[in-house]
Each structure stands twice: as C-alpha cells, then as structure tokens.
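Below is one structure; the comments refer to it alone.
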Amino acid sequence: MKEDGLFYKFLRWRKKHIKERNFILIISLLIGICTAIAANLLKQLISLIQYLLTANSQTGINYQLLLFPIIGILLTGLFVKYIVRDDISHGVTQILYALSRQKSRIKPHNMWSSLVASSVTIGFGGSVGAEAPIVLTGAAIGSNLGRLFQMEHKTLMLLVGCGAAGAIAGIFKAPIAGLVFVIEVLMLDFTLTSILPLLIASVTAATVSYAFTGTEAMFKFSQTDVFEMHRIPYVLIFGIFCGLLSLYFTRMMNKVEDRFRKINQLWKKFLVGAITLSVLIFIFPPLYGEGYNTIESLLDGQFQSMIDQSVFYGLKDTRWGIILFLGLILFMKVFATSATNGGGGCGGIFAPSLYLGCIAGFVFAHTSNSIEVLPYLPEKNYALLGMAGMMAGVMHAPLTGVFLIAELTGGYDMFLPLMIVSISSFATIIMFERHSIYTMRLAKKGELLTHDKDKAVLTLLKLENVLETDFLTVTPEMYLGEVVKKITQSSRNIFPVTGENGFLLGIVLVDSIRNIMFRPELYERLQVSRFMVSAPAHIVLDMPMEKIMQIFDDTKAWNLPVVDPQGHYLGFVSKSKIFSSYREVLVDTLSIES
C-alpha cells in the first residue's frame with residue numbers, strides 16, 4: 001500500500017482523533033465479529049462434509065468408516081505440504097510460542113489455513129476437535145488486525161488474547177469461558193482495565209453466534225436428579241479419577257506423538273497414522289469425528305445406541321457390555337487422536353477432553369449403579385461433571401472447565417459439584433505434571449510465559465538480543481606482546497581464546513596478567529596458552545534465560561562466554577546487559593495492564 005493511500009490517511013486521522021485505548025475497544029469488537037464468523041463457518045463446513053459422507057450410511061457394521069479417515073488425513077496432509085507449507089498443528093501451543101518468542105506475531109495464513117485443514121480432517125472422521133484450530137485462527141485474526149493498524153507489541157499481545165477469547169466464545173457460545181481461557185490457559189495477566197477488550201471480543205462473538213444458531217446451549221441438559229450433599233465424597237473420588245485419566249491421556253499423547261516425530265518419511269507417517277485411526281474407528285465407531293453425538297447421547301441417556309454399527313453389537317443388551325465398550329474407548333481415544341494429528345491431520349484436544357470426560361463420568365456412575373451395595377449415582381449428571389474434570393486435568397484449567405461446561409449445557413445448577421470435580425482433578429494431575437499438554441514442550445525449552453512476572457519477563461528476553469560480540473579474540477599460540485597490542489585496541493578486559501574452527505578454549509583476563517604485561521622482556525617468551533584460564537561456565541545459545549540467570553548466580557560471574565551447541569565461540573553475555581533489557585521488557589509488559 002502506498003503511504004499516501006486512503007488507508008494510511010485513515011491511520012493518520014485515527015491517531016489524531018481517536019485515543020489508543022478507545023481504538024483498541026473498536027478493534028476488539030471487530031475481532032469478536034470476525035472470530036464468530038470463522039467459528040460458525042468451521043462448524044458448518046464440518047457438518048456439510050459429514051452429511052455428504054454419511055447421509056446414505058448403512059445400518060449394521062459400516063465398512064465405509066475404514067476409508068473416510070484415510071482420505072481425510074491424506075487431503076489434509078497434501079493441503080498443508082503443498083499449499084500452506086508450514087506447521088499448523090497444536091494451535092494453542094503455537095499461540096503460546098508466538099506470545100513468548102515472536103512478539104505476538106502470527107502468520108497471516110493462520111487466519112484461514114487451520115480452518116480449512118481441520119474441517120477436512122474432522123469432516124472425514126478425524127478423531128480430534130475443531131476448537132484449537134479455531135483458537136489459532138482467532139488469535140491470528142487478532143494479531144494481524146493489530147499489525148494492520150500498526151499496534152505496538154504490548155497491544156498485539158492483548159489483541160491475540162481477544163482473538164482467542166472470541167474464538168472460544170464463538171464456537172461454544174460461552175463468553176465467560178472465553179475470557180477465563182485466555183487468563184488461565186494462555187497465562188496472560190491483565191488488570192480490570194485491560195480485561196474490557198477481552199469482554200467485548202467474547203460477548204460480541206457469542207452474540208454473533210446466537211444470531212447464527214440461536215440462543216440454546218450447545219448440549220441440551222436437563223437436571224432430573226438434584227445434587228445432594230451426601231454425594232460429595234463420590235464427587236471427590238470421581239475428580240481424582242478424572243485427574244488420573246488426564247495424566248494417562250497427557251503422557252500417552254506425548255509418547256505417541258514423539259514416535260510419529262521420529263518417522264522421517266511423510267508417506268510412512270501418513271500410512272501409520274491413517275491406518276491406525278481407520279482400524280480404531282472401525283472397531284469403535286464413536287471415535288469418528290469430534291464425538292459430540294456421543295456426548296449428546298450420554299447426556300440424553302441414550303447410551304445403548306452407541307454400540308450400534310460396532311463389532312461389539314452382540315454385547316449391547318448385556319449388563320457389563322456397555323461398560324466394557326466405553327471403558328476400552330477411554331483407553332483407545334488417545335491413540336485415535338494422536339494418530340490423526342501424527343498422520344498429517346489437523347485438530348485439537350478440546351473435543352477429545354470433553355468426549356473422554358463425558359464417557360468417564362457415565363462409566364463411573366453406571367459401574368456404581370451396577371453394583372448393588374454402592375449408592376445410585378445419576379449417570380448424565382456425572383457425564384456432565386466428567387467433561388469439566390477432564391478439561392481441568394488435561395489443560396490445567398479448572399475455572400475454564402467449570403464455566404465452559406456450565407455455559408455449554410446450561411447446567412448452572414451443578415456449579416458446586418462442577419467446582420469440586422475440577423479442583424480435585426487439577427490437584428491430582430498437578431502432583432505428577434507441572435505443565436499442561438499445551439505447555440510441556442515450551443516449558444522444557446524455557447519458552448513459556450507464566451503468571452510469575454519475573455519468569456514471564458525472562459521468557460520474553462531473547463539471548464541474541466543481549467549477546468555482545470565486540471570482544472577481540474586471541475589464539476593459544478599468540479605471544480604476550482601481541483596480546484598487549486590487542487588490549488590497547490579494546491575497551492574490554494576479557495579476551496576469548498579460540499582454536500581452529502572457532503572453538504572456545506578459554507579466556508584471558510587483563511586483571512590476571514597485569515603483573516606481567518608491563519615487562520617487555522616477557523613479550524616474546526610467554527604464549528597465551530601459559531596464562532589463559534577456563535571460563536567459569538559456558539552459555540549455550542539455546543539455553544532458556546531463566547537457566548542463564550541461574551548460572552550467573554551459581555558462578556558469581558558478571559560476564560560469561562556464549563557458544564553454539566558444537567562449542568564455537570559466538571560472543572559474551574553480561575549480567576548488566578540482561579538487567580537493562582529486563583527493565584525495558586518489564587516496562588512494556590506492565591504497560592499492557594494499564
């Protein structure tokens with residue numbers, strides 16, 4: 001665009017006549033509208049594809065289920081490889097990475113690529129959810145609208161949150177859950193003033209979704225059994241069960257996905273993932289797609305229909321048949337989800353978490369009701385509680401679980417047991433896993449923003465931005481006289497000693513040779529190898545900043561050399577430089593909240 005064009009004239013007019021804070025509110029309103037449209041478009045695309053594929057489905061065992069998932073993963077994989085040409089998986093993790101390492105900049109193609117890829121994957125039966133892709137889409141909309149209107153980095157971070165909140169509110173019709181999700185899962189700290197744009201984006205997105213699909217809750221739930229206080233111990237036990245199931249899902253998901261990453265050939269990944277998913281869906285038809293039909297069936301009490309079209313059909317009328325069938329799904333769902341993404345599909349774990357929680361709640365209550373000595377537990381109530389428990393455990397987001405399930409189902413009368421299950425599930429998994437399924441890999445690399453202000457600021461700092469490269473190098477063969485010349489040319493009192501190919505061998509400290517540097521008779525006698533010393537520690541280029549600061553504290557040093565993973569010298573980093581950059585980033589971070 002030309003700088004004298006109409007758009008730039010608008011930008012100049014806006015800066016003169018509209019205050020920054022007011023303009024952010026306008027953008028948040030626009031983000032809410034755009035994310036709601038994107039969310040509803042995604043849902044419509046998935047429904048259309050599923051309708052076209054299953055409109056003429058046969059009764060009994062459906063052999064088409066063997067073919068559809070393979071086609072879906074193939075089409076998605078080709079789309080990502082040849083059209084997008086970028087990694088669009090793990091949407092929420094990508095947002096967290098963008099916030100911490102990319103100055104909240106998300107690539108423009110993410111505004112549509114995840115939407116297309118996930119609709120094909122899920123429409124053809126991929127056992128994943130559409131919510132993480134739409135959250136990435138919403139965050140990309142917020143990021144790119146902010147960049148279009150030339151917003152600063154601190155504002156971009158807020159607009160990314162608005163996009164994510166709007167996406168959750170738009171696809172679930174749950175504005176409170178959208179707001180809580182941004183604070184709890186994306187781990188952004190805001191004051192009441194800066195929460196206003198998030199509220200505007202969430203409420204706007206939910207309102208637009210109401211206009212598209214009506215005001216009814218996503219899942220219809222009517223409470224026929226009032227919660228009684230004497231059931232609290234069973235709710236606590238069930239919450240612990242959800243926490244353990246969340247632990248299994250999280251660790252197994254990581255292990256299976258790590259196996260897929262080790263497969264270097266794209267077609268081999270596709271074959272392993274697609275065939276695994278196809279076989280699992282053929283054996284367990286409820287694994288097809290997002291699984292929302294299964295959730296509706298369990299909340300309506302129509303659980304026996306789930307076993308139709310399955311090889312387990314003969315167990316339909318047996319007492320323990322449905323428990324066995326659903327129990328196996330609890331353990332196999334993680335493989336179906338991992339195979340979908342690992343084979344080349346695109347989707348998230350929102351829907352799988354809700355799906356597993358609903359089944360877990362039903363199985364827990366149905367098992368109790370099948371044992372005469374145990375008390376009666378309302379199955380659909382526990383199916384509802386299970387969704388909150390699994391979301392709290394898998395995502396480490398108990399508040400999001402409570403508010404999302406209440407808004408999804410209209411089950412506001414269940415707030416107390418929802419909170420009990422969510423807290424007990426979260427308390428259980430936190431004893432084994434400090435980080436959620438979204439944040440594990442980023443936390444290991446030191447690339448995760450947290451609610452801890454000091455850690456968050458250190459995460460935003462990049463080593464390359466504090467790296468100092470104006471140190472003159474010397475070699476072990478140099479004589480003292482040559483080193484003295486170097487000292488006169490430098491303003492530094494440290495000289496790195498490098499060998500062949502630039503490997504760091506040690507350092508020369510001016511303070512250590514001060515007693516000999518004024519003795520000319522030694523200039524041609526002493527070589528650097530005689531008076532060089534080892535550095536107190538080495539900083540490796542990919543080290544997280546929090547670990548670097550720990551090394552400074554342990555060594556009591558003020559300057560440390562930086563090397564690449566192979567040991568080549570790159571420069572020095574100083575504690576004073578880090579402190580200076582820390583103050584600058586802290587000011588920017590705090591200004592987000594004002």
Side-chain angles (χ1 to χ4, degrees), residues 31-47 91-92 95 114-115 118-119 122 128-139 141 161-186 198-221 289-296 299 347-358 383-384 386-392 394-395 397-412 414-415 418 422:
I31 290 172
I33 295 172
C34 293
T35 52
I37 293 173
N40 283 276
L41 177 60
L42 177 57
K43 288 198 290 187
Q44 293 300 321
L45 284 174
I46 293 173
S47 298
V92 176
I95 297 171
S114 297
L115 190 150
S118 60
S119 63
I122 300 167
V128 288
E131 294 75 26
I134 200 61
V135 169
L136 177 58
T137 300
I141 290 172
C162 288
I168 294 293
I171 200 165
F172 286 128
K173 294 192 286 190
I176 300 177
L179 172 64
V180 174
F181 172 84
V182 171
I183 297 173
E184 197 170 32
V185 177
L186 298 188
L198 293 175
L199 279 173
I200 291 175
S202 295
V203 173
T204 302
T207 303
V208 174
S209 292
Y210 290 154
F212 279 118
T213 60
T215 58
E216 289 186 354
M218 188 170 175
F219 299 119
K220 295 179 181 178
F221 175 80
E290 294 173 295
Y292 286 159
N293 291 335
T294 298
I295 294 176
E296 290 177 351
L299 292 178
I349 61 167
F350 262 89
S353 298
L354 297 175
Y355 176 89
L356 279 175
C358 190
L384 182 76
M387 290 193 284
M390 280 299 294
M391 181 160 286
V394 172
M395 300 183 186
L399 288 177
T400 302
V402 171
F403 285 104
L404 179 61
I405 302 310
E407 291 182 292
L408 267 179
T409 62
Y412 295 99
M414 298 283 290
F415 252 119
L418 281 172
S422 295

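Basis for what follows: all heavy atoms, side chains included, without hydrogens, waters or symmetry-related copies.
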Is there a side-chain contact between [X] and [Y] (heavy atoms, below 4.5 Å)?
X    : Y    : answer
F350 : E290 : no
C358 : M390 : no
L136 : I95  : yes
V128 : S118 : no
T400 : M395 : no
I295 : M387 : yes
L45  : L115 : yes

Atom pair [atom1] ([X]) and [atom2] ([Y]), whose distance is rounded to the nearest 0.5 Å:
X    : Y    : atom1 : atom2 : answer
L41  : I134 : CG    : CD1   : 8.0 Å
I171 : N40  : CD1   : CG    : 8.0 Å
T207 : I200 : OG1   : CD1   : 11.5 Å
E131 : S353 : CD    : OG    : 9.5 Å
I141 : T137 : CD1   : OG1   : 6.5 Å
S422 : M391 : OG    : CE    : 9.5 Å

**OP:** Taking the six-membered ring for Trp and the single ring otherwise, decide whether the centroids of F403 and F181 are under 6.0 Å apart.
**Re:** no
Quick check: closest heavy atoms across [X] and [Y], and the distance to 0.1 Å?
X    : Y    : answer
A169 : A205 : CB-CB, 4.2 Å
A132 : G348 : CB-CA, 3.6 Å
P352 : G129 : CD-N, 3.7 Å
I168 : A177 : CG2-C, 4.1 Å
A39  : A167 : CB-O, 4.4 Å
K43  : G170 : NZ-O, 4.4 Å

Subject >> L384 vs M414, side-chain contact (heavy atoms from CB on, under 4.5 Å): CA-CA, chis, key distance, verdict >> reply: CA-CA 9 Å; L384 182 76; M414 298 283 290; 3.8 Å; yes
Original post:
Under 3.5 Å, is there a donor-acceptor pair between the side chain of K173 and the main chain of G214?
Top reply: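 Answer holds: yes.
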Subject >> Flag, side chain of T213 to backbone of Y210, donor-acceptor distance under 3.5 Å >> reply: no
Subject >> I405/L408 under side-chain contact (heavy atoms from CB on, under 4.5 Å): CA gap, chis, key distance, verdict >> reply: CA-CA 5 Å; I405 302 310; L408 267 179; 4.2 Å; yes
**OP:** Evaluate the criterion side-chain contact (heavy atoms from CB on, under 4.5 Å) for residue pair V180 and I183; output intermediate values, then yes/no.
**Re:** CA-CA 5 Å; V180 174; I183 297 173; 5.8 Å; no
Original post:
Checking side-chain contact (heavy atoms from CB on, under 4.5 Å) for the pair M218/Y292: CA distance, chi angles, key distance, verdict?
Top reply: CA-CA 10 Å; M218 188 170 175; Y292 286 159; 3.3 Å; yes
